Amino acid sequence: MRRSDLFGETLRQAPADAESGGYVLLLRGGFVQPLAAGIFSYLPLGWRVKEKVERIMREEMNAIDGQEVQLPVVHPAELWQETGRWYEIGPELARFTARGDREMVLAMTHEEVVADLLRRNVRSYRQLPFMLYQIQTKFRDEPRARGGLIRAREFTMKDAYSAHATAADLDRYYPRVHDAYLAIFRRCGIHPLVVESDVGMMGGSMAHEFMDLLPIGEDLLVICDACGYAANRQVATFRKATREEEPLPLEEVATPGAATIADLASFLKIGPEQTAKATFFMAGDRCIFAVVRGDMEVNETKLSNAVGVGELRPARAEELTGTGIVPGYASPIGVTGVTVVVDDLVARASNLVAGANREGYHLLNTNAGRDYQADLVADIASAFEGAACSSCGEPLRLARGVEVGNIFKLGTRYTAALGATFLDPDGVARDIVMASYGIGVDRLIGCVAEGSRDEKGLIWPVSIAPFQIYLVGLDLEQEDVREAAEDLYRRLTDARIEVLYDDRAERAGVKFNDADLLGIPLRLTISKRTLGRDEVEIKWRTESTSGSISRSAVLEAVRAALAGAEGPDATD
RNA sequence: CGGGGUGUAGCGCAGCCUGGUAGCGCGCCUGCUUUGGGAGCAGGAGGUCCCCGGUUCGAAUCCGGGCACCCCGACCA
């Protein structure tokens, strides 16, 4: 490709509305361009990167016996009504009315369509197992897109779905996908951490997320460096210790103005761990009263899983009228009409300070079980920096991560809903066991851009770079130099090496800076100076110095260099 | 959805407070000079000042409403 023909221009100044470093460089380099919030066009350079990522995905999915398919983007509403997600999922699911008042959805994921394929096509256990995958557009009407490709509304996902006769068979297959995913990420130059995760709207029994550890990540991860435990904070457990003491008598004390745990603790000169914190949520029109120890935070994911509701939101003050709750001075004592959920630690703890449900007063020595009854005792507290690992007791660490992939054991949630059954060897009809696996293609590219760059620009790994070589031609107005540059371009192209040949009438600095900005791994320079020595200058994007090779040996040297860099761990 | 911010040339911005012929830098086009890390000079093209309404002799500027985009939060496979 000649640079003079390439569509898309590089920008010296980034558009003002881009914030993250990797995204700025993708914009400046002309890889992608936003059309609307979270909706992007891929320009030729970006498309080449994406195409290479997808090729790697196809190779790895085919290697674990995946069969590529292409499923529709537009689905009839009925299918989503059958599984119930039409009703469960909010405005994130884009709906529209087609001709003849037919309600349709834009696919945000494809479990429904796959389960439908299964019910139409699978009859016997002899047809199982198998795995289907596709690389295709999804639309999720996110309330707020951000971070460029990291969180888009329209995006490309490689999604895969496996079908099994038994849960045990899925258990055998699941690790193969796990390993294939790690291979994909490694070949693309990132090394995500696998963490346990919440099943969220997908349902099912078990889920893992592949998290690229980047500061711009929106997920908080809980990591134990000692034993390797790693989980999304939404589900992370930790060891909770408490001293059990003899219960002391309840006592009301005046605590004027102490409406927060911090104020209360300093007023009473006690630690926050000697208090109980009350937080209120609404699940539909049901009020949930959550109690955790004062030094901890309620984990909404854990809480909603414990209560068994899909959606929770903080309660507003007016929704608490009539319950007896006095915000700032609340405890479950004397409260009515709410579901009281108590963290397992609070249930075991003794003599905590809690609200008196009276403005300006608290109660000393409250004890769950004696002074109030929990409707539910569960782990509903968020793990925090320094908390003790539930497996080994060592301190946990928090880190930020971007979810580049996930794998879910769905079980029979979708197949049962749609009646996708098969006959087992005994002639008994059973629901097909299903799992789904996803990787966000754009997000993966966004992560590579974010994590692999310097002050001059992007640094693509050879495996997914838009071109392997950036050929800088200088002094091209000089006939012999131009001929030599054209000749080198032709030889590289004939050798099927991907070259972006900068044949523009620009100054050297412009070309060098563009080569750096675009992040192409290997740079070759030919000029009257190098031609005089019958040489070509060669420089890696990652190196600060260049070398020289004789013109006749260029092809071989480039081939060898690229082959060396193509190895699976080339970017380590 | 709550809070904050921004919409003026392809990109970055000034002008708005105090209403009166729409500007600067980069980029783009032409010419000359220059030529190994984002050149210089000269000339030039390019604008529904986000949209609708109002006030006014006159609105980029003041007022009202809307929309879009960005940031923090809520939300999120």
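On a predicted model such as this, the values are computed, not experimentally measured, just so you know.
Residues A:Lys528 and A:Gly38 both approach RNA chain B. Their nearest nucleotides, taken by heavy-atom distance, put A:Lys528 toward the 5′ side. In terms of position on RNA chain B, the residue among A:Ala37 and A:Glu142 whose nearest nucleotide sits closer to the 5' end is A:Ala37.
For a distance-only test at 3.5 Å, the side chain of A:Glu506 fails to qualify as a donor-acceptor partner of the base of B:G38. The base of B:G36 is not paired with the side chain of A:Asp475 by any donor and acceptor separated by under 3.5 Å. Taking 3.5 Å as the limit, the base of B:C11 and the side chain of A:Arg28 contain no donor-acceptor pair of atoms between them. Residue-to-nucleotide contacts include no donor-acceptor pair under 3.5 Å from the side chain of A:Gln13 to the base of B:G27.
Nucleotides B:G19 and B:A59, compared at atom P, are 13 Å apart to the nearest Å. As rounded to the nearest Å, B:U55 and B:A60 have P atoms that lie 16 Å from one another. The gap from the C1' atom of B:U8 to that of B:C24 amounts to 12 Å, rounded to the nearest Å. Using atom C1' as the reference point in both B:A68 and B:C52, the two lie 15 Å apart (nearest Å). Taking atom C1' on both B:C49 and B:A22, the two are 8 Å apart, rounded to the nearest angstrom. Taking atom C1' on both nucleotides, B:C50 is separated from B:G5 by 16 Å, rounded to a whole Å. For the C1' atom pair drawn from B:C70 and B:G25, the interatomic distance equals 23 Å after rounding to whole Å. Between the P atoms of B:C16 and B:C63, the separation comes to 14 Å (whole Å).
Using a 4.0 Å heavy-atom distance criterion, A:Pro143 is classed as a base contact. In this structure, A:Asp514 reaches the bases: a heavy-atom distance under 4.0 Å links it to at least one base atom across the strands shown. Using a 4.0 Å heavy-atom cutoff across all strands shown, A:Glu403 reaches sugar-phosphate atoms only and no base atom. When heavy atoms are screened at a 4.0 angstrom cut-off, A:Arg443 is found touching no nucleic acid atom at all. No engagement by A:Gln33 is indicated, since no non-hydrogen atom pair under 4.0 Å with the nucleic acid exists. Within the nucleic acid shown, A:Phe155 comes within 4.0 Å of at least one base atom, counting heavy atoms only. In this structure, A:Ala207 reaches neither bases nor backbone, as no heavy-atom distance under 4.0 Å exists between it and the strands shown. Across all strands, A:Thr301 comes closer than 4.0 Å to no nucleic acid atom at all (heavy-atom distances).
Residue A:Arg85 is tested with A:Glu112, A:Glu78, A:Glu92 for a salt bridge (charged side-chain N to carboxylate O under 4.0 Å, His left out); the sole match is A:Glu112.
How far CG of A:Leu221 is from CE of A:Met211: 5.0 Å, rounded to the nearest 0.5 Å.
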Give each protein N/O atom lying under 3.5 Å from an N/O atom of nucleotides 45-50 of chain B, with the pair distance.
none

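Listed for the A:His191 side chain is no donor-acceptor partner under 3.5 Å among the backbone atoms of A:Leu182.
Base pairing of B:G64 is made with B:C52, judged by Watson-Crick or G-U wobble geometry with both donor-acceptor distances under 3.5 Å. Base-pair partner of B:A14: not found among the strands shown (Watson-Crick or G-U wobble, both distances under 3.5 Å). Taking a pair to require two hydrogen-bonding distances under 3.5 Å in either a Watson-Crick or a G-U wobble arrangement, B:A42 pairs with B:U30. Within the shown strands, B:G73 is the pairing partner of B:C1 under the Watson-Crick or G-U definition, both distances less than 3.5 Å.
Ranking B:G36, B:C72, B:G38 by closeness to the A:Arg144 side chain, first place goes to B:C72. With B:G12, B:A39, B:C71 as the choices, the nucleotide that has an atom nearest any side-chain atom of A:Arg146 turns out to be B:C71. When distances are taken from the side chain of A:Arg507 to each of B:G37, B:C75, B:A39, the shortest belongs to B:A39. If you check B:A39, B:C69, B:C76 against the side chain of A:Glu92, the one that comes closest is B:C76. In the set B:G36, B:A39, B:G37, B:G37 carries the atom at the smallest distance from any side-chain atom of A:Arg523. Taking every side-chain heavy atom of A:Lys456 into account, B:G37 is the closest of B:G36, B:G37, B:G10. Out of B:U35, B:G27, B:G12, the shortest distance to the side chain of A:Arg12 is found at B:G27.
In this structure, the ring of A:Tyr437 has its center no less than 6.0 angstrom from the ring center of A:His178.
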How far apart are the C-alpha atoms of A:Lys456 and A:Arg541, what are their side-chain angles, what is the distance that settles it, and do they pass the side-chain contact (heavy atoms from CB on, under 4.5 Å) test?
CA-CA 10 Å; A:Lys456 293 180 167 181; A:Arg541 175 66 177 84; 3.9 Å; yes
Quick one: do A:Leu43 and A:Val32 satisfy side-chain contact (heavy atoms from CB on, under 4.5 Å)? Show the steps, please.
CA-CA 5 Å; A:Leu43 304 187; A:Val32 296; over 6 Å; no
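Classification of A:Arg119 and A:Asp116 as a salt-bridged pair holds, one side-chain N sitting under 4.0 Å from a carboxylate O. Using a cut-off of 4.0 Å between Lys/Arg side-chain N and Asp/Glu carboxylate O, A:Glu68 and A:Arg58 are scored as salt-bridged.
Following rounding to the nearest Å, A:Arg533 (CZ) and B:G36 (P) show an atom-to-atom distance of 14 Å. The distance from atom CG of A:Asn513 to atom P of B:C26 is 17 Å, rounded to the nearest whole Å. Rounded to whole Å, atom C1' of B:G37 lies 13 Å from atom CD of A:Glu455. Nucleotide B:C76 holds its P atom 15 Å from the CZ atom of A:Arg233, rounded to whole Å. Here the P atom of nucleotide B:C72 and the CD1 atom of A:Ile216 are 11 Å apart, to the nearest Å. Following rounding to the nearest Å, A:Glu9 (CD) and B:C29 (C1') show an atom-to-atom distance of 14 Å. In this structure, the CG atom of A:Leu11 is 15 Å from the C1' atom of B:A9, given to the nearest Å. As a whole-Å value, the separation of A:Leu35 CG from B:A68 P is 14 Å.
Remark: A:Glu486 CD is packed, more than 12 non-hydrogen atoms of other residues, nucleotides or ligands lying under 6.0 Å away.
Taking the salt bridge (Lys or Arg N to Asp or Glu O under 4.0 Å) definition, one finds that A:Asp431 meets it with nothing, sequence neighbours left out. Judged as a salt bridge (Lys or Arg N to Asp or Glu O under 4.0 Å), and not counting sequence neighbours, the contacts of A:Arg146 are A:Glu218.
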